[in-house]
Amino acid sequence: MASVSQSSGGGATIMWQPQEEGLREICGLLEQQISPNSDKPLIWQQLQHFSQFPDFNNYLAFIIARAQGTSVEIRQAAGLLLKNNLRTAFKSMSPSFQQYIKSEMLHSLGASDRRIRSTVGTVVSVVIQQGGIIGWPELLQALVQCLDSNDLNHMEGAMDALSKICEDIPQELDSEIPGIAERPITVFLPRLYQFFQSPHGTLRKLALGSINQFIMLMPTALLLSMDQYLQGLFGLAQDPAADVRKLVCSALVQLVEVRPSFLEPHLVNVIEYMLRANKDTDEEVALEACEFWSAYSEAQLQSDSLRDFLPRLIPVLLSNMVYTEDDESLVDADEDESFPDRDQDLKPRFHASRFHGGDNEENDDDDIVNIWNLRKCSAAALDVLSNVYAEAILPTLMPLIQAKLATTDDVTWKEREAAVLALGAIAEGCFAGLYPHLSEVVQFLIPLLDDKFPLIRSITCWTLSRFSKFIVEGIEHQKGHEQFDKVLMGLLRRILDPNKRVQEAACSAFATLEEEAAEALVPRLEIILQHLLCAFGKYQKRNLRIVYDAIGTLADAVGGELNQPQYLNILMPPLIAKWEQLPNSDKDLFPLLECFTSIAQALGPGFYQFAEPVFKRCLNLIQTQLLAKVDPSSAGVQYDREFIVCSLDLLSGIAEGLGSGVENLVAHSNLRDLLLQCCTDDTLDIRQSALALLGDLARVCPVHLHPRLSEFLNIAAQQLSNPALQETVAVANNACWAIGELAVKVCSAGSNLLWYLSSIVQSSKQMDFANQVRQEVSPIVMTVMSCLVPILQHAEGINKSLIENCAITLGRLAWVSPDIVSPHMGHFMQSWCTALSMIRDDVEKEEAFRGLCAMVRANPSGALSSLVHMCIAIASWHEIRSEDLRNEVCQVLNGYKQMLQNGAWDQCMSSLEPPVKDRLAKYQV
C-alpha cells in the first residue's frame, strides 16, 4: 500500500489518492468482517496489519465517502473502523492526513443514504473530541450552510453530526473559539428552535435531542432563551412522532431536576401533560413520563402542585405496574429447576472489599429482573410518593389494591400480582398509616406464598420482606410470634420451590428477615439450616449464590449460637465438599469464600477445626493470582483480582474468629510476606482488604508482624498522604485503622499498662523486644501524625469513618509515644477533640482518651487554648467503663482546675452548655 501526499518543490500539495489494489484488499476484508460466517479473529489480525500503514485511515475515509460502487454495509463498516482508529491515532497522524479525513467527512455530510450520513456524523464527533472545534473551524461553517440549505439530506446530515457532538462533548460548543465572534451554541440555538417547526420528524427529534444535552450544563445562551425553549417544548408535546414526545418528557424531567423554578409557573399544565404521557400507547414515552414523579418529589419547589393530582396519578401508576403481555420477565417465569441456567442468567457479581468502621450498604430491594421498564419505574415512583405524602395516598390506593386482591380467577392473576407489588412499594413510606392494619395485611399475604402462579409467590416473598421489621417486632406477644413463625416457615417452603424465580425471591427475602430477626432465629436454627442446605444441594449456579448469601447472613445474625455440633453437622459437610470440589480458577469460589468469612466470624474459636485447609488455600489462591498478574502461563490461571480480595477478607474473618488461635497458622506460613506484597498492590480494593487484614493480625498476633513492622507502617502512612484522598478513602480508612492497631498492640508492649503486660509481656526478653519495637516505630510517628492532622483539620466533606479512625489513631500514637506527639498538640487539639466527641463509646475510644491523658501529663500547657473543646470531648462519654481511665480523666480535669487561678477555670466552665457541665460533674469538678 502506498500513498502520495507530499508537497512539490513549488509548495503545492498533491491530494492523496488510494491505490486500486489496496482499496480492493481492504474492501474485501471489510466484506468478510461483516459476514456472519467469517473467521473474525483472523480478519481482525489482517486489518491490524493494514493499520500499520500511515494512510490506512485515509483508505477508510475514502471508502465511506467516495466508494459509490461498494455496498452501504461495507462503507458503514469502514466508517465505524475509522471512528475507533481515530480515538487513539488521530493526534499522532500527519496534518495532511488529518486534513484529508476532515475534508472527506465534510464532503459526505449530505450523503444520499441515511446510514452513511449517520456514520459520518459519528466520525465527525470523534474528530472534535480529539482536536476540538479550534482544530476544525471549517466544520462550523459547513454545518451552518447545511442547516440553512433546503436540502433534506444536507440538513439531516448536519443535524446528525451536531447532535452527536452535543451528546459527546456539549461543553465544546459553549466555549470561546479564537477567531470566531460568538460561541457555537449561540450560532446553533436559533436554528435548532426553528427545526422544532420542521415538517420532518427526524429534524424535530435531532434538534430537540441536541438542546436537551445542554440542560444539565445550562449555558448562558439557553438560559437567556429559556422562554423560547419552553414554548417550543410545549408545541412539541402532542407531536405525532413517539421519539419526539419521549424527548419532551425527558426535557421536563431534567428541568424539574436541575432548574425547577423555570417550570414553576407552568407546573399544573406540565403535570397534566405528564399524566397523559404516562398513559401513552408507546411504552418508552410512558416510561420517560413516569420518571417525572420521582424527580418532582425530590425537587425544591415553592408550592406542591402534585398533591391535588394524586387521586388521578395513583391509579395510573398501579395500572402500569401490571405485567404486560410482552414483558421479558414473563418469558422464563414458569421455568422450574429442571431448566438449565443460561449464560445470560448469571449476572456479574462484585465483592465489596472489607471496610473497617462502616457498613457497606447494599440495595436489598433489588427486584428479580434487572431490566428497567414501566412496571419497575411505576413501583419506584409509588415508593417515592409514599415517602413524600405518606398516608395521604392510602385513601386512593388501598381501595384499588383491595379490589385487585379480591379477584380470584386465573385471568386476573397479573392484577393481583401488581397489588402485592404496590403493598411492598409503600411499605416504608406508608408504614405509620398502615400500622394499625399490618397484622391483617401480613395475614392476607401469607397464603399467597402458596399461590399457583409463580410470579405471585415470588412478589409475595419480596413484599413480606419489606415488612420484616414489623413482623419481627411482633414476636413479643403470642399472636405476633405465631405470625412470625408462619412467615418464617412460609419463606422456607418457598426456598425449596421448584420454580427458579421463586427460589431467588424467597432466598433474598429470607436473608432480609434474618437480618431483622437475629437471635430470634435460634429456636428454629436446625430447621432453617436443613432447608438452606437442602436448597444448596438442589439449586443451580445462579441461585446457589443467593443461598451462600442467606447462609452467611444467618451466621452474622445468630453468631456464636451456630457453634453447636448438631448445627455444624448440617452446615459444614456440604460446604466443605463444595470447597474441595471447586478448582482454584472457578469464580464460584467467590460467594463460598464470602460465606466462609461470615461462618468463621460467627463460630469464633469453634472454626479452628476447619481453619487449616481453608487458611492454606487462601494463601495458595493469593500466591497463584499474584503470579498470574505478571505471568499467567506460569500460574496456569488467568488473573482475577477478586480471588485475592475474597481470600484476604476470609483470612481477616478467620483472624477475627479465632483470635490468638490463628497465631499457629500464621507462624508456619508466608502470610506476612504475601500481605506486604498485597499492601503495595496497584489495585485499590486489594490494598483495601490487605490493610484490613493487617489491622486484624495486629490485634491478635502482633509479634509475627514485627520483622517487617517499619515497612508495614510506612506503606500504611503513604495511603494517608494520597492527593486523591476522596477517590481512595476506603484504602486510607483501613490504613489509618491498621496504623492504630499496630501502634497500640505491637508498639505498646513495653509500656506500663498492666492489663496489656499481663497478656503479652511475660519475660525480660520480651520486654527487650517491646523496647526495640518502640525505638523502631518512633521515626514513623511524626510521618503518620503529619498525615492525620490535615485530615482532621479539613474534615468537612470527608468520610465520617475516616475522620473517626484518624482521631482514634492519633490518640493511640499519643498513648504509645506521648513524648513525640505532645509537643505538637497545640496544632491539632481543637479539631481532634471535635472528632473525638463524635465517636460512640467503645474500647477504641478508650484507647484514644488514654492518649489524650498521656499527652496532657507530658505537656499540660499544650491543651490550654483548647480546654473548652477537650471538656466537650470528655462530656461526649455516656459512661467510661474502665475505672483507671475514669480516674485519669478526673486527674486531668482537676489538674487544670488547680492550674487555672483567678477565676480562669470558672470562666472556662461558664462557656460550656449546661448539659456539658452536668456530664462533667461526675468527674468531681
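All values below come from the heavy atoms of this structure, side chains included, with hydrogens, waters and symmetry mates left out.
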Legend entry - Whether Gln483 side chain and Ser439 backbone form a donor-acceptor pair below 3.5 Å: yes
Legend entry - Contacts of Lys800 that satisfy side-chain contact (heavy atoms from CB on, under 4.5 Å) - sequence neighbours left out: Glu804
Using distance only, find each side-chain donor-acceptor pair of residues 519-533 under 3.5 Å and give its atom names and separation, not counting sequence neighbours.
{"unit_1": "Arg524", "atom_1": "NE", "unit_2": "Asp485", "atom_2": "OD1", "d": "3.0"}
{"unit_1": "Arg524", "atom_1": "NH2", "unit_2": "Asp485", "atom_2": "OD1", "d": "3.4"}
{"unit_1": "Arg524", "atom_1": "NH2", "unit_2": "Asp485", "atom_2": "OD2", "d": "2.5"}
{"unit_1": "His531", "atom_1": "ND1", "unit_2": "Ile527", "atom_2": "O", "d": "2.9"}

Inset, instruction - Sequence neighbours left out, what passes side-chain contact (heavy atoms from CB on, under 4.5 Å) with His477? Give chain and number order. - result: Lys479
Legend entry - Flag, side chain of Asn569 to backbone of Pro565, donor-acceptor distance under 3.5 Å: yes
Legend entry - Note: Arg457-Asp497 ion pair, threshold 4.0 Å (strictly below): yes
Inset, instruction - Check for a donor-acceptor pair, side chain of Asp841 on one end and backbone N or O of His878 on the other, with a separation under 3.5 Å. - result: yes
Inset, instruction - Compare all side-chain heavy atoms of Leu665 with those of Glu612 and state whether any distance is below 4.5 angstrom. - result: yes
Legend entry - Residues that Tyr639 engages under side-chain contact (heavy atoms from CB on, under 4.5 Å), provided they are two or more places apart: Gln625, Ala628, Lys629, Arg641, Ile644, Thr683, Ile686
Quick one: side chains of residues 413-420, donor-acceptor pairs under 3.5 Å with protein atoms, not counting sequence neighbours, listed by atom name and distance.
{"unit_1": "Lys414", "atom_1": "NZ", "unit_2": "Glu325", "atom_2": "OE1", "d": "3.3"}
{"unit_1": "Lys414", "atom_1": "NZ", "unit_2": "Glu325", "atom_2": "OE2", "d": "2.5"}
{"unit_1": "Glu415", "atom_1": "OE1", "unit_2": "Lys404", "atom_2": "NZ", "d": "2.2"}
{"unit_1": "Arg416", "atom_1": "NH1", "unit_2": "Thr407", "atom_2": "O", "d": "3.3"}
{"unit_1": "Arg416", "atom_1": "NH1", "unit_2": "Asp409", "atom_2": "O", "d": "2.9"}
{"unit_1": "Arg416", "atom_1": "NH1", "unit_2": "Thr412", "atom_2": "OG1", "d": "3.3"}
{"unit_1": "Glu417", "atom_1": "OE1", "unit_2": "Arg375", "atom_2": "NH1", "d": "2.8"}
{"unit_1": "Glu417", "atom_1": "OE2", "unit_2": "Arg375", "atom_2": "NH2", "d": "2.8"}

Legend entry - Flag, side chain of Asn733 to backbone of Leu802, donor-acceptor distance under 3.5 Å: yes
Inset, instruction - May I ask you to check whether Phe431 and Phe467 place their ring centers less than 6.0 Å from one another? - result: no
Tell me which donor-acceptor pairs under 3.5 Å the side chains of residues 574-585 have, and how far apart each pair is, sequence neighbours excluded?
{"unit_1": "Asn584", "atom_1": "OD1", "unit_2": "Arg617", "atom_2": "NE", "d": "2.9"}
{"unit_1": "Asn584", "atom_1": "OD1", "unit_2": "Arg617", "atom_2": "NH2", "d": "3.0"}
{"unit_1": "Asn584", "atom_1": "ND2", "unit_2": "Asn620", "atom_2": "OD1", "d": "2.7"}

